[in-house]
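Notes for the one structure printed next.
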Amino acid sequence: MHARLESMIALTETVGCRTQALLACFGEPLSAPCGHCDNCRNPAETFDGTQAAQKVLSAIYRTGQRFGAVHLTTVLRGKLTEAIERHAHQHLTVFGVGKDHSEQWWRGVIRQLIARGAIKMTGEHGALGLDVEAARPILRGEETLHLRADPLKPAVSAQRGAPSSTIVDSLNDIERDRFEALRRWRRDEAREQEIPPYVIFHDAVLTEIARENPESVEELSVIRGVGASKLKRYGDAVIAVLEEA
Ligand SMILES: [Zn+2]
């Protein structure tokens, strides 16, 4: 069951061709990328995740390979919870080394390390352990890891069927004001770049931003439909609009 679950995670997290990954699950190698799956058509944005991976792997090692993704993320983010205190994990050197990223971001890194076989599920209750063979070269810095920048973020086009007005109707008054402010910013930005507004952000994404009201670019990064390139390009501007709205 674990092996099957791990192959499924590998399939969803892969930055490469999904057809190749799927066929590999059935032991049928495909020599070249298929050219028509979503990853082949839209290559995933990746970043050098070597250091992040090292932090996760040390956190697993130093907590005795007995904890699941939720607790490990809490350790990395340095949150002093009851469970952390009970296990005295606030004294570990890895405690708080991952403050600069969100919980979701760390879970994405963990999933991708499971997908690569560096982390394995060791027991019940989702406890995670190291696969020594796969983890060692990463910990020693002998292997550079390219991780997916925005794991499991569904394409905005999946929401194309819903009329914008319906999505916007779900907002309360305060959220609606934020949405209108974001829309004015998007209109001006679109005019300046001479592109249609939805190319900047779809209504569904603006609605989500208005609802979540992120206070930093980091918080904005976890909202669906805000990919790494949009974040880089518009992140600061969006936060500035929200601060004023
Ligand atoms: Zn493919």
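When a ligand or atom number is given, it counts from 1 through the structure's own listing order.
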- How does the hydrophobic cluster around L23 look, that is, which other residues are in it when side-chain heavy atoms under 4.5 Å mark a link? L30
- Message: Nearest 0.5 angstrom please: R18 CZ to N39 CG, how far?
- Response: 4.0 Å
- Note on the structure: Per side-chain contact (heavy atoms from CB on, under 4.5 Å), R186 is matched among V199, V238, D203 by D203
- Task: Before accepting this row, confirm whether a basic side-chain N of the pair E180/R176 lies closer than 4.0 Å to the acidic partner's carboxylate O.
- Result: no
- Message: I'd like to check the side chain to side chain contact (heavy atoms under 4.5 Å, CB included) partners of R116; sequence neighbours left out, ordered by chain and number.
- Response: L145, L147
- For the Zn ion (ligand 1), which protein N/O/S atoms are closer than 2.8 Å? C17 SG, C34 SG, C37 SG, C40 SG
- Message: Which residues pass the side chain to side chain donor-acceptor pair (under 3.5 Å) test with T50, not counting sequence neighbours?
- Response: D48
